Amino acid sequence: MIGLDDQRIATALGISESTLTLWKRKFPEFKAAIHAGKDIADAPVISSLYELTQRRTVRRARPMVVDKSVEIVEYDEAVEADLKAAQYWMACRHPEKWSLNKLRGGGDSESADEIARQEAAVRQMLDDVEARSVVALLGLTPSSKLAR
């Protein structure tokens with residue numbers, strides 16, 4: 001039942017959704033088990049969304065003519081971070097600072113300025129994460145000359 005919403009869980013158990021809600025209130029272990037199943041279902045989605053927020057290199061393959069024959073050639077391609085995915089991630093993690101309404105242009109007259117500010121902040125965050133990742137991969141410490 002991993003990934004099902006409460007209505008589908010209730011249907012699968014042959015009970016009403018209100019009974020399921022009652023059981024979750026009455027039996028904390030039952031509620032915890034349901035939430036654990038939902039967390040398991042959410043994990044790959046969260047991981048995929050997070051991956052979109054990062055600059056990365058992906059391995060690609062395409063057919064090419066080499067010496068009059070077609071061969072599949074593999075190559076690495078740099079993929080930029082998806083800014084909208086990063087904004088969505090931040091809106092979910094820190095809604096007080098990254099309101100989706102503001103990102104969509106709703107709200108006050110300063111929304112365009114706010115979106116520009118948030119886009120710059122996302123870019124800076126991605127640059128900082130990338131820099132820290134490189135430092136960690138190289139085994140450098142913040143005090144080493146190359147890490148500055």
Side-chain angles (χ1 to χ4, degrees), residues 1-17 20-21 24 29-148:
M1 287 197 260
I2 291 175
L4 299 180
D5 61 18
D6 283 357
Q7 182 181 10
R8 290 188 176 137
I9 291 171
T11 300
L13 294 174
I15 59 174
S16 69
E17 191 172 351
L20 179 68
T21 301
K24 288 193 312 184
E29 301 86 9
F30 180 71
K31 181 179 180 179
I34 287 177
H35 284 283
K38 289 181 180 184
D39 290 344
I40 290 168
D42 288 348
V45 176
I46 292 167
S47 178
S48 295
L49 177 59
Y50 179 76
E51 184 72 22
L52 288 174
T53 69
Q54 305 300 302
R55 291 186 186 116
R56 61 205 178 283
T57 302
V58 294
R59 192 83 174 141
R60 304 259 194 229
R62 70 180 205 189
M64 294 183 76
V65 177
V66 178
D67 296 328
K68 297 184 181 182
S69 65
V70 176
E71 294 182 22
I72 303 298
V73 176
E74 291 187 350
Y75 60 98
D76 291 332
E77 181 178 330
V79 177
E80 287 298 314
D82 183 329
L83 186 58
K84 289 196 184 291
Q87 289 171 331
Y88 182 76
W89 177 269
M90 294 305 292
C92 291
R93 305 265 299 163
H94 303 284
E96 69 285 353
K97 295 179 185 174
W98 297 85
S99 164
L100 283 175
N101 188 40
K102 288 181 182 177
L103 294 175
R104 290 186 181 125
D108 57 30
S109 60
E110 296 179 22
S111 60
D113 292 337
E114 181 67 13
I115 290 171
R117 185 194 65 72
Q118 291 181 356
E119 285 177 351
V122 168
R123 284 192 181 94
Q124 183 62 51
M125 174 194 67
L126 294 173
D127 289 343
D128 291 347
V129 167
E130 185 175 45
R132 284 194 304 272
S133 297
V134 169
V135 168
L137 285 172
L138 295 175
L140 301 173
T141 62
S143 62
S144 65
K145 291 179 183 177
L146 291 175
R148 292 182 188 159

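This one's a predicted model, so the numbers in the text were calculated from it and none came from an experiment. Both backbone and side-chain heavy atoms feed into the values below; hydrogens, waters and symmetry mates do not.
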Looking at Leu20 and Asp6, what are the two nearest heavy atoms and their distance?
CD2-O, 3.2 Å

Excluding sequence neighbours, so at least two apart, what forms side-chain hydrogen bond (donor to acceptor under 3.5 Å, both in side chains) with Thr11?
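side-chain hydrogen bond (donor to acceptor under 3.5 Å, both in side chains) check on Thr11 returns nothing, list empty.
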
Please list, chain by chain and in numerical order, all residues satisfying salt bridge (charged side-chain N to carboxylate O under 4.0 Å, His left out) with Glu80, sequence neighbours excluded.
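Partners of Glu80 under the salt bridge (charged side-chain N to carboxylate O under 4.0 Å, His left out) test: Arg55.
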
Heavy atoms only: give me the nearest Pro63-Val70 pair and the separation to one decimal.
CB-CG1, 3.8 Å

Nearest atoms (heavy-atom pairs only) where Ala85 meets Leu52
CB-CB, 3.8 Å

Quick test of your reading: applying side chain to side chain donor-acceptor pair (under 3.5 Å), list the pairs with at least one residue in residues 67-77, sequence neighbours left out, ordered by first then second residue.
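Side chain to side chain donor-acceptor pair (under 3.5 Å) check on residues 67-77 returns Arg59-Glu74, Arg59-Asp76, Arg60-Glu77.
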
Should the heavy atoms of other residues, nucleotides or ligands under 6.0 Å from NZ of Lys24 be counted, would the total exceed 12?
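Counting other residues, nucleotides and ligands, NZ of Lys24 exceeds 12 neighbours.
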
